[in-house]
Each structure stands twice: as structure tokens, then as C-alpha cells.
Amino acid sequence: MMKNRDHRLTLWLLIPVLLVLIAYVLYPSLRTFLESMNTKEGVGLGNYEDFFTQESKTNLEALWNSVYISLLSVLASAIIGVPLAFIFNRYDFPGRGFFSTAAIMPIVLPSLVGVMAFMFLYGETGLVPNAIKDLFHLDEVPFKIGGVSGILIVHAYTMYVYFYMTVSAAINKIDPSLEEAAHNLGAGRFSVFWKVTFPLLTPAIVAASLLVFMISMASFSAPFLLAGGFRVLSLQIYFSKINGDMEVAATQSVILSIVSISFLLFMRWYQNRKDYRMASKGIGAHRSEVKNPFMKWMLVATGIIGVLILLLPHFTILLLSLVPDGTWTWQTYPSVFNVENYRLLFEDPNIFKPLKNSLILSFIATAGNLVFGVLTSYLLVKRRFVGKGFVDVLVMIPWALPATVIGMNLIFAFNEPSIFSFGNILVGTFWILPLAYFVRHIPLVVRSTNAALEQLDDSIEEAARSLGAKWFYTFRKVILPIIMPGVLAGTLLAFVESVGEFPTSVLLYTISNRPISIEIMNQLRMFNMGQAAAYGMIQITLIAVVLLISNKVFGVKAEKSLS
Amino acid sequence: GGSEKGSGSENKEGKDFEDKIVVYSPHGKDILSKFEQQFEEKYNIDVEWLDMGSQEILDRVRSEKNNPQADVWWGAPSTNFDQAKDEGLLTPYEPTYADSLADGFHDPDWNWSGTSQTPEVIMYNSKKVSADEAPKDWDELLDSKWKDEIIIRYPLASGTMRTIFSAMIYRDFKDSNDPAKGYEWLEKLDANTKEYSANPEMMYNKVAKGEGTISVWAMPDVVMLKENKNYPFEFIIPESGTPVLTEGIALVKDAPHPKAAEAFYEFVNTPEAAKLLAEEFYRIPTRDDVEGLPSWITDTEIKSMDIDWKVFQENSDEWMKHWDENIKNGDKEIKE
Amino acid sequence: MASIQIDSVQKTFGKVTAVDHLDLAIKDGEFFTFLGPSGCGKTTTLRMIAGFYYPTKGVVRFGDKDMTRVPPEKRNTGMVFQNYALFPHMTVFENVAFGLRVRKLNIKEVKARVKNVLEKVRLDQYAERQVSQLSGGQQQRVALARALVIEPEILLLDEPLSNLDAKLRDEMRSEILRLQKEYNITTIYVTHDQAEALSMSDRIAVFNYGVCHQVGTPAEIYNEPANDFVASFIGEINLLPASIEEREGGLAHATVLNGALPRPVAVRQHNIAKTGTDGQGTALAIRPEAINLVDSSRSEDENVFPGVIKEIHFFGSVINVMVQVDNQPIRVHTLNGEVSRSLHVGSPVFVELPKERIRVIPMVSGDPS
Amino acid sequence: MASIQIDSVQKTFGKVTAVDHLDLAIKDGEFFTFLGPSGCGKTTTLRMIAGFYYPTKGVVRFGDKDMTRVPPEKRNTGMVFQNYALFPHMTVFENVAFGLRVRKLNIKEVKARVKNVLEKVRLDQYAERQVSQLSGGQQQRVALARALVIEPEILLLDEPLSNLDAKLRDEMRSEILRLQKEYNITTIYVTHDQAEALSMSDRIAVFNYGVCHQVGTPAEIYNEPANDFVASFIGEINLLPASIEEREGGLAHATVLNGALPRPVAVRQHNIAKTGTDGQGTALAIRPEAINLVDSSRSEDENVFPGVIKEIHFFGSVINVMVQVDNQPIRVHTLNGEVSRSLHVGSPVFVELPKERIRVIPMVSGDPS
Ligand SMILES: Nc1ncnc2c1ncn2[C@@H]1O[C@H](COP(=O)(O)OP(=O)(O)OP(=O)(O)O)[C@@H](O)[C@H]1O
Ligand SMILES: Nc1ncnc2c1ncn2[C@@H]1O[C@H](COP(=O)(O)OP(=O)(O)OP(=O)(O)O)[C@@H](O)[C@H]1O
Ligand SMILES: [Mg+2]
Ligand SMILES: [Mg+2]
């Protein structure tokens, strides 16, 4: 028997969460683990032994490279994301709304086309280095990206958004009187930021760091495209798989997950040392008025220039989409522009089908993520139960494993009827893809919601309950509206990622639900760079429109809980 | 044979076909739509196709083993098919035109048959390198004058490159049964290589823009890029002979629409189809009875390397793994 | 039935024991006050009654019903949180209406009741403001209104008036009392304002370090404190450690320790507290306002001692005079009236400690101040 | 130099005017108190001095320096926020040490000073706790310690003791005063506790609706209130709307309006406030403790009126007696002493309004209560 109703409520909430996690995360992942235990001599840890004792040490080298690149990626993303979030949320200036939305555009970049855009921009024959070279009559291009620096730049570029979004959501929740108190005690702008604002953002920063660390560990396109031979663990997995060594691939995946999860545990420990609930008395939220005009405009200028740089790859894709095939091959700069690529695309009567598919799939998956994520996060942050750490780890696994592995896990698990699929074979049906997106993006919503909940004073919930509100009512009317910005940050990220998701899509899509990323990939495979770019532009526009609408619709609501 | 029960629709020739067929193919939208349209016109069978890379098709057919979705797998190097055959993913089928296929162009058990052949060639940037300068044979690639001029596609993920690299090892291996010599050769190539590109587009781009000037690649692609997309590329068939890949077609085991699948199997390798593929899509046919082929095929003399693909299939994974772990110079690619 | 029974309740946070072996019986409709120094466990106890904390040990009952583990929303309590806990995303109106909406009242009634209670807390013009745009006291009143409007069976008020000015406080007090009597709401009140506690409460419990020292009516607590902690916590008091000696005819004589006073002091036998003197001795306790400043003509009377004025403090209507009698400083309160104008620092006076008003109580805190 | 000059400062939030045309000159080292009802603009004014708000109009000066737009960290003020604003991610020690660390003191001195101040606020055992694990009053003391430890030039205290019990409050008060005198810190204090305001302050400013009604020493404010708002806000007072009639020989006679009292009341000419009576008339103001309850032998004396006891309230050391004289209820305070024990509701008494202690003041609030 349960001790009391409160525990019972926790249990009622926990059951569905656990069911979903076990069915769609744990069970498939166990398949990977079991796979990794297969050796030529039967079941055992032989593959793990090989991993560490291998003569050429390529695996260890890859592991080490992955870890340090991931750590550097976290750092670089934070350095871009946190200040941008700060600038766009603390200062008001003309066009702030536009720029703050534009700042999340990097995540909209279709992965392959996006990295290629980088090459066109900053590679040895790229536009920017050559433009500088020609402008200043240099003999050599002044710089070019590639190798580790290239990977880092692309990572920082695409992943700072996680910092930007979660921190933006959190920054408005900080009681300004805390910063005022620090100023009042004599702390300058800088030390207030470092000693008060920044630490108070810890939940958000931890959330983002986790997301970025893990996604860099599992990142594929950037190391693959930018440093073909450079060894990182995610590539090793891919090559093992291509080489047909499924057990080795599985072993490497498990090790990658272990590293990622260790990082998760470390971050959790770090965060739990302190308290971030703004439990100060009453509602202190008087918006701070302190403004130093010079500083302000400096920051604002930095912000705007930053956003412009961030949008360069998008412009490059636009440029590529306007250059007809075959007119920009050996030339340094393109010379012919027209809408030929778009014309070719739109000749296809089915052009809008993948768009529609992507939207529907992403919508279904994201709706699931929203409900599941908020619930799970609430359990993790505000409820006490045994095995919390385990649930926390389960939640992050889909992010710790490379996307292809997730896809394969799902295939293993659902190409035969099981109770978790209600006795159906899911592989080859419409539903497998939304399921995959859902599983992949569980951590996004959970993490960003965690960050918001972590800052919420418990007595707000208590007040509602003592006024007679049932848990669910309280949750809907009080907690949810207050944490909305954090939830939205995660949900939007999940949606955008779903629309662009490639690695699982390619394994699982069917004729009836072919999404947009596959279409782009196919264009690329047929060497239609221009049309791929045109498709990319359509994707970007689509997501931008969705972002804009959600900003308009939800923004209003979220704004209220910010004041 | 009309042994199928139920839902087949009557076609012009009075055979019973299912009314639908699913094709997995890496051939791309242009080819697939064209053949879809022609096939539907002729047989009144609805064609659905999934367009994806051949490795992905293999993965997918494997993963759908319990619940096959596809009927036909059209287009992949023979090595891929061999692998699928070993895993029991294919159904044997001997087409009506079996006689027109040379022995190397089909599986001995007819698990697959070839539709086109792909000779591997040395490709160069014709704006930077003249035809005289260009290397004429594989071994010339090792000349130090090409240091940092060679850009090749990262081989592990590419069937084409795996074939070329394996062939280089195989040259000596077939006699000595020892890959050491071949490894040595690859090491020297590695020393001259500036960069391994992750995908073909990057490689084309870099060679076209002159970041490097030489590469090795499949001949039909080079022709296509040159003729269709204006790339400044030319190719050279290595004098000592070159591996020629066979791309084929196969039927998926337990396919839901086996009859229609056979019809499609036949349809895409008729002489007319082969000619169309050659003319519009730069594919060299395997059938020896195709008339009126374009000049770039007829004018080129291909010296085919004699290869036991069985040996290839058995060893190439290991060779590539060795290359990846021991030969590829990890530091080199990060030189910037 | 909303009487509250707290049976040997204990609450610990890790190693900290916030409440220890607490037994309380609060009657239906009673106005009950928790008094005690900062950090003594008042809020913790309230929160256990509201259901936000579960006692580590012990039972909480409402009437006959064991409520120890019933969730807060099933308890029908209204609470004003010490930190207000207003909903930041709602306006004043929405905050106050929340409890009514939960109870599915129709919109018209909700409006009417919210309007009514906002008028009572003088915030009717602020209904549409966001709560973050209110001053501290205004926020506190919103919290109060939110708890009052649902007319709960039990009202838990954690320093609900601490940020209000005296006048408003007065009005709010009457309002709370009126409501409490009208609907017979059992009320538990936490305050640091003793005047408030004494004037409003039916009964008072005095806490220290998680332990309850005395429960009683205001007069009991004030006039017959159980020990020196209660005596010195409520109001000002002169505590003279003493030993009781001769007892005869309802009278006793107490010798103040350390020879602080020149003569023994006469006390009434019935004013000696019955509770055992657990080893720390006894003290004479007398309120400053009970002491009379008399003139030299009475210098030989019982319990009259000569002294010198050391300090005079002005506290509004009362004047606080510190008189040094031998080694013993004695605090005397006198009204800010004509008489007091003649008092000056340094002048000699006589103090009379009327024996009726001296209590003899055990010492528990070891620190007679 | 830390005198503070506030010159015709105004602050509006949207349509709300929180502070209007405020002029204040606070002297170096002065202990200055803001008094006023909830929402009258005290916090807003403090925040303008601390630099968190910029005045919509007007200038703030420290000494001769215009500080209106100087950022807060350059002002060397220490502030206790009404909502505490403790850093939730720091322990008690870290919170208090923050200001010292910012000033780059060496670690040993930081430790010593924090320890010292924590002892003063009785929190030395709590140094390593997270602030969320403290009770309300403990949190408030952390806030206080944090502001005191930096020994700023200007101390801004926004109800720093509202959640403390009377004893602790007393100790904290002395501590604040001691520090203030020792380091000559200019202090601005917001409180709702009048006794506190009266006993601690050098001068007091009384606000209402963003307007300052009177600035003066405690005695001035208490004994010579500028108008009925000030009079009734500070302490209790009897206000009798009256018209002043015959004036002769330093004496005047006032007729209480509506015939509430049977006879005119004698008042001293010099007790008539000089400020103009902006149209709302004048009132007699007399403190309850100034009124004497006399026996029938004096029934014919000047300013003695017969009445009946309506209510008796017990307020600790003081007893509040409500006497009905004709139509006029009159509030009288008397000590909880021997005399008061003979008072009973319903019994007739005589009240004397000593003419020395009656003030005649203008009425501005329109609501004499
Ligand atoms: N940010 C704001 N937006 C709108 N109105 C505000 C804002 N801050 C304060 N006010 C209003 O200004 C007035 C003065 O507020 P202030 O906080 O100065 O009051 P206060 O004197 O400190 O009151 P209390 O004693 O209740 O704390 C109040 O009526 C309040 O509602
Ligand atoms: N969550 C907690 N963790 C650890 N200790 C706690 C916690 N909550 C309260 N305490 C401690 O328990 C004791 C009692 O706290 P409580 O809040 O009940 O005091 P209180 O009587 O309400 O005091 P105040 O008048 O200052 O509000 C305090 O010493 C406090 O520090
Ligand atoms: Mg408390
Ligand atoms: Mg205030």
C-alpha cells in the first residue's frame, strides 16, 4: 500500500513515464547492449576488451578526440549563446524581436547542405577567404576552415542555439532584485554577471551543456564533412557499421553513451550542490532600469553583427539555390543567377508532399514530446521517488546515442510485433517515424523544462493546492504558465530538429511519409546542389514561418509569466 | 504464370500481376520517374520507389527482413548484392535475356544480374592539368609531383573508392596472397593525398576549384559532370587495367508483389532501356546486344582488371579496416 | 468540525529538529496564536497543518479525522504564506479569484466576492494590476485576500500583517476577527507583534527551539507565565533570581540572589508557580508597568526600595524608566503624562514592587535578561 | 560626505505616480525614517536613492554630487530589500561575504568580519546553511547582516525587522544604532512600527500617496503633528473637529462640531498649528495617554467631562478605555496598574482633557477617525 495520496500521485505520474521510457528507450537500447556482447567466441565482454587493447589505439584516439572536441564545443557554444541571450533579453532596441528570432536560425540549417554552405563560405576556395584575398591582394587565402577548428566552428555555430534558447527562457525568471542587491553591495556589471546572474542560470546552462556535449559526442556531419579522416567516436561507429562489424559498432555506441552519461551525472552533481529556487519574499520582480547607454549600444551592435554572421550560411544557401547547375564549378565567384532550380523543383507535382509530411510528422512527435517532457521534468524536479537518477539517465539516452543507433534500435525492437507496439509491426509503417522523432527529442523538452522548474519556488504550488486546487488543475493553471518559456524553448527546438532530422529518417521513412530531409539528400546524391539548396531554402522558410507564428501565438502568453 | 490468387489486374499480355510494385533504388529521381512513367504506361502497375543510397538500401532490406516492404532492389555494386545474398535477403531469378550477359555480369545463382558497368578512372581538372601531364596509370599517382594535389573521396563510406583501393591491394594479393605490397602502395598514395572528402560533391567542388587537381572516380559520373554540369573534368583509363564494377538488380526475398517485380526486372534491362540509360544517364550497359550506343562508350577502350569478386568480398572489409587504422594518416587531414 | 489535534508531532530536516514533541488541541472556531522567537518552528508547524510537510513522527487530526497524510487541497485550509507565494503570472484579481474558480463558482459570484474582499483589504483599485507591480504591503494584502475569500474551515496566517502600517493593520485585524467569528473559522495566527497576539487571541502557544513552553489565554500567558522564557518573551519584565525562604500565612519572603536588593521581598504564596524548578532555580518576575514610583514618604513600606534613575526612554504613550536599586537595574513603565515630566536622569526615586503582582517562576533559559 | 538631497523628485510607473514632488534633505550621519501607509512610495524613494530607479523628474544628490544617474554599484549604499533578495545559490556565509569579496578584502578579514556580523544577528551557527533552509526571520537577518557588514556610507533599510520577534528586534535595533553612530552612517529606515520609528530616529518623514506631509523629530511629529493625517497615523489620537472661537490671553475656546461635547474646550493659543487650513477645517487632537480619568470631585473643573465606559481593551502594559462623552467617543490609555483594575464597562467616569496637551490642527484627509 502506498503511504499516502501524494506518493500515490507521484506513482500515477511515474507509471506512464516509465512505461514510455522502458518501451521506447530502454528496451531498444538493451538490444544495442546485447549486440555489443556478441563476440566470435560467444557472449562476453570481448568487444570491450578489444576496444581498449586494440593495437593501433584508433578507438582510444577517437574516444579522446570526441571527448575533447565535445568539451570545447560546449565551451564555444556557451561563449556565443549566453551573451547573445543576455543581450537580447535584457536590452530593448529596435528590431529586437526580429534579431532574437533570427538568432535561432542556425538550428534551421539542413545538416548536410548546411555544412556544405560552410565549405562554400570559409573553405580554401570559399567566398569569404577569397573575397578577403582579392580585396587585399593577398597571395594566399588568409584562413580556411577544416579539421578540428572546422568541426568546432560548425558545432559552435549550430549548437549555441541550445544555450541561447534555454538561457533566454531562464534569464527572464531571475528576480531582478537579486542583481540589484549585488550592484548595491558594490559589484560592477561584470562581477554581478559572473557571481550572480550566471550562477543563477546554472540549471539552464547545465541543461544546455548536457545537450551540447552529448550532441557533439554523437555528431556526425561536421567531423565527417570537414575532417574526413579525423577520428571521432561517432564516425568510428558509422564506419564499423559500414564495414559490417555490427558488434563493434554496438560496443562503440555503448561506450559513447557511457561517456555521455558520466558527463550527465557529473553535471547533475554539480547542479545539486546548490539551490536555485528564487524563494525570496513576495514577487520582487521590478524590472531593473539600470542602463548605461554606451554599454547598451555596444552590446546591441555586437548582437546585431553576431546575428548577421550567423545568418551568412543561410545566405550562402540562398545563393547556391539561385545559381543554376554547372555555372559555378571552377569559378571562384558565381556569375549566373536565376530561379532555374526553383522552376525545376516546382515542376514536380509532388513537391509539397514531403513538406506536408515533415510538418505532420514533426507535429505529432513534438506534441508527444511536449506532454511527455513536461510531465517527466516535473517528476524529476519536484517529486521525490526512488530511482530518480535512473529515470534521469534513461531520459538522456536518446541524446547520448548517435541518431543512427537510435534508428537501428527502433528497427530491432519494432520489426516484429511486441506489446509496446500493441502487437503491430511498426517498421515500414507511418508511425515509426514520428516515434523515432519523439524518442530522439525527449531530452530536449525535458532538459529545458527542468531548467525552468528548477528556478520555481515550491510555495507557489503549495499556495494553489491549499486554495483547493487539485494537482492537475494547479499544474495547468499555475505551474505550466510560469514555466512556459522554458517549455516552449525545448518544444520549438524539438520541432525544428524534427523537421530537419535525417539520420533516423533515412533508416525508417516509407513511401507514404517521406520527409523533406530525405528529399534534400536525394537531390544531393544526384549532384543537384542547386536544387538541394533550393529545397533547403524552402525548409528554412517553412521553419521560420512556424517559429514566427508560435512566437506570435505563444509569445503573448509566455510574456505574462516573464514580468 | 497465373498462379497468383486474387487481386491481380489483367494486363495487355494477359498475365496476372499484382497492381503495385515497390522499388528501392539509388538511381535518383530523374531515372526513376522516367521508368515509373514508362512502366506504368505499359503494364498499368503502380510503381512506388524509394530513392536512397545503396548502403542504406542494404541496411533497410536487412531491417525489413521479417516484414519486407520492397519488391525490387535496383542499382548497387555487385558486392552489396553478394552480401545480401549471403544473408539470404534475395530471391534468385533468371531473366529472359540471360544469354546476353557475360559471366561476370551476373550472380552464378542468379540472385542478381548486372544492368550497367562502371569502370573506375583517374580524373583530373582539365583547366589546371593538361592531358599530357596527367597520370596515365595508377602507379603514376605516387609520383611526388602530385603531392598535395590529390583529393579523394573518403573510401570507407564509398563503394567506388573501396573497389579502387581493394583493387590496388588485389593486384599483388592475387599472386602473393599477402596484402603487404598493396598496403605499401596505399601508404604512398596517402602521402600524396591532400584531403579525403566526405562526400562526392565536396570532392568535385574541390577538384573543380583547384584545391587539388587529381582524383580517382567512376567514369560515368565524370562524363556526366563534364557533359551535363560543365565541370572542367577529364578522365584517363589506367593503362594497366582498371576494376570495373557491375551495378545490378535483384528481387527481394518474400516480396509482397513477386510477379510485378519480375516484370519490372525485365523491363529496366531491355535493349531500349539500356540505350536510354546510356544516352541520357551515362550508364554503360552490361548487355552485349545493345545497338547505337553513344560515342563516349564506344570510343573508349576499357581494359578491365581481372578480379575475383569473391576474394574481394571476403577480404575488402579487413583491408579497409587496416587502411583506416594503420595507413590513413590521421594528422594529415587536419593539416589546416 | 474543524478542531485541530496535534499529537506528539516531530519534524526534522536532516539533522535539524524544527519541531519536537508538540501536543496541541485547538478548538473549533478558536483564534489561536503561535508566538516564539525567529526560527522556533512556527512556520513548520503551520505547514504540517496545511499539509505541505508530513510530520516525521506524530499525528495531525481535524476533528476525529486523521489528516496526517491527506493532501493539502483536501484540507480546506486557507493559508497566508510568510513569503506570500502569489502567482506571478496572474493579476491581483486572478490571484484572489483562484480559490473560487477552483471551487467552480459561477463567474458572477466570483466577481462579486473578489470585489468584496478586495475592498476590505483596500485594494479594489488594484484588481487589474500584475502582482509584480505592487508594493510589499499591497502584495501582503493580496495574499491575505486570497486566503480569506474562500472562507475556509481553517485559516492559517503566517505573519499576515507584518508589512502593514499600524492603521491598516488595525483594520485588517478587525476584518480577520469579524470573518473568523462570523463563519466560525478555526484560525491559527503567527505574529511577532505581542500586542496583536494578546488582543486578538483566544489562546496563545509560546514556542522556543521547536518546543512549546506554555499554552493559555492571553491573560494567563501575560500574568502567569509558566517560566522565565515565556515571561521575558511576552512583554517586558523584571526578572530577579531569588530563593524563597520563610513561608507563612499565604506570604513568603524571597531573598534576591547576589544581594542585589538590600532587603527580602514579600510575595504572595498563591503567586508561586506550581511547575517544578528543574534545577535552574527560581526568579521573581514583575512587569515594569506594575511597579510604582512613589515618594520618599513611603520609603519604609513593604517592598519599597530606594534607587536612582539611570535612563529615560520615550516610547509614544509610555515612558520607560530605568532605576538602579543597589546592584539591580529595575525597569519601570509610566504613562507619558503630567507626572512623568518631573522625572530626570540622576534623580533619586523610590520604587514599589506591589506584592500582589510579583510572580515566582522557574528559570529554564539560564539567561535572565 | 554622505548627506542626501532629494530635489523635487517625481517617479511614475505608466499612469501611476508613486512619488510626487518630493524634497528632502537628510544630513550626514542622520538616522532618518520614512513612515507612511502601505503603497505610499517609501520603497520607491529608497530605490531611487540606491539607484535602481531613475526619477522621472528631479535630482538626487549625495553631498554636492549629482547622483541621479550614477549606477548603484558606484553609490556605496547598503540596502536591506523588503523582499530580502538573498542569493539563493549561496550559503549564509557567502551571501554576507559577497560585498566584502567584491571589495577584494583578503580572505582572513572577510572571514572575521562575516563571523562578527553573523554573531550580532545571532546566526553564527547557520553560516553554512543554504538560505532556502532558513526561517523567514532568519532570512531577514541574513539580509540585514549582508548590508551591515560592508559598513557603507549610506544604509537603506526597508522594513528590516518586520519578521522578527520583539526581543530580537530590540537587539537588532541597538546593533543598527550602534553601527550607525560608530561609523557615522547616514541611515534611512522604513518601518511600520511606530514605537521603533519614534525611539530610533533623529528625524522622520511622513508620507501619504507619494506626498510628504511632515518632516521632523519624533517629538515634533508626535506632539506637534502638522495635520490630522500625521496625527492619526502616528500613535492613537482623539480628533475632534472643532471651530476655534474666543481667543484671549494665550487661551482659546473651541466648540466641538455637531455638539458632540456639551461645553467648549479650552486650548492654549500656542498649541494651534500655524499651517493654513486648506478648506477642510480644524480639529482638536489629543493623545489617549494625555487624558486623565478623574473622580467626580473634579467634575466642574475646566475641560472635565462626564462619560460612561464603553469598552476596555487589554494591550499588555497599557489598558485602552473607550469613554462615551455625549456623542463623542473618547479613547483613553491608562497603565495596567492597580487603578485600572477598578474600571468596568458601563461605569460612569470623568475625563479630563488637559489643555496643555490639546493641539489644534488642520484637517486634510477628510476622514477623521
Ligand atoms: N513597477 C511598478 N509598476 C506600477 N506601479 C508600481 C510599481 N512599483 C510600485 N508601484 C506602485 O507605486 C506605489 C508605491 O509603491 P512603493 O513600493 O514605493 O510602496 P511602499 O511605500 O514601499 O509600500 P509598502 O509599505 O506596502 O511596501 C504603490 O501604489 C505601487 O502599487
Ligand atoms: N528546509 C529546511 N531545511 C533545514 N532546516 C530548515 C528547513 N526549514 C526550516 N528549517 C529550520 O527549522 C527551524 C524552524 O523553522 P521555521 O520556518 O518553522 O521557523 P519560524 O518559527 O517560522 O521562524 P520565523 O519567525 O523566523 O519565520 C529553523 O531553525 C530553520 O532554520
Ligand atoms: Mg516563519
Ligand atoms: Mg515597500
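Numbers restart at 1 for each chain; the letters A, B, ... are given by sequence-line order, proteins then strands.
- Both the sub-6.0 Å distance and the 45° axial angle are satisfied by C:Arg69 relative to the ring of C:Tyr54.
- Each of C:Glu159, C:Glu196, C:Gln180 was evaluated against C:Tyr189; a single residue qualifies, C:Glu196, per the side-chain contact (heavy atoms from CB on, under 4.5 Å) test.
- In this structure, the ring of A:Tyr473 has its center less than 6.0 angstrom from the ring center of C:Phe98.
- For A:Lys477, there are no salt bridge (Lys or Arg N to Asp or Glu O under 4.0 Å) partners, not counting sequence neighbours.
- Among residues at least two apart or in separate chains, salt bridge (Lys or Arg N to Asp or Glu O under 4.0 Å) pairs with a member in residues 104-113 of chain C are C:Glu109-C:Arg113, C:Arg113-C:Glu151.
- Chain C is approached within less than 4.5 Å, heavy atom to heavy atom, by no residue from residues 195-204 of chain A.
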Expected list for residues 37-52 of chain C: side-chain donor-acceptor pairs under 3.5 angstrom, two or more places apart:
unit_1	atom_1	unit_2	atom_2	d
C:Ser38	OG	D:Gln138	N	3.3
C:Ser38	OG	D:Arg141	NH2	2.7
C:Lys42	NZ	C:Gly36	O	3.2
C:Lys42	NZ	C:Pro37	O	3.1
C:Thr43	OG1	C:Gln82	OE1	3.0
C:Thr43	OG1	C:Asp158	OD2	2.8
C:Thr45	OG1	C:Gly41	O	2.7
C:Arg47	NH1	A:Glu462	OE1	2.9
C:Arg47	NH2	A:Glu462	OE1	2.9
C:Arg47	NH2	A:Glu462	OE2	2.7

Task: Residue pair A:Ile104, A:Met165: steps toward the side chain to side chain contact (heavy atoms under 4.5 Å, CB included) verdict - done: CA-CA 8 Å; A:Ile104 66 174; A:Met165 292 285 273; 3.4 Å; yes
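- For chain A, the nearby part of C:Arg103 is the side chain; its heavy atoms alone come within less than 4.5 Å.
- Top candidate by heavy-atom pairs under 4.5 Å with chain A, chosen from C:Gly78, C:Pro72, C:Gly136, is C:Pro72.
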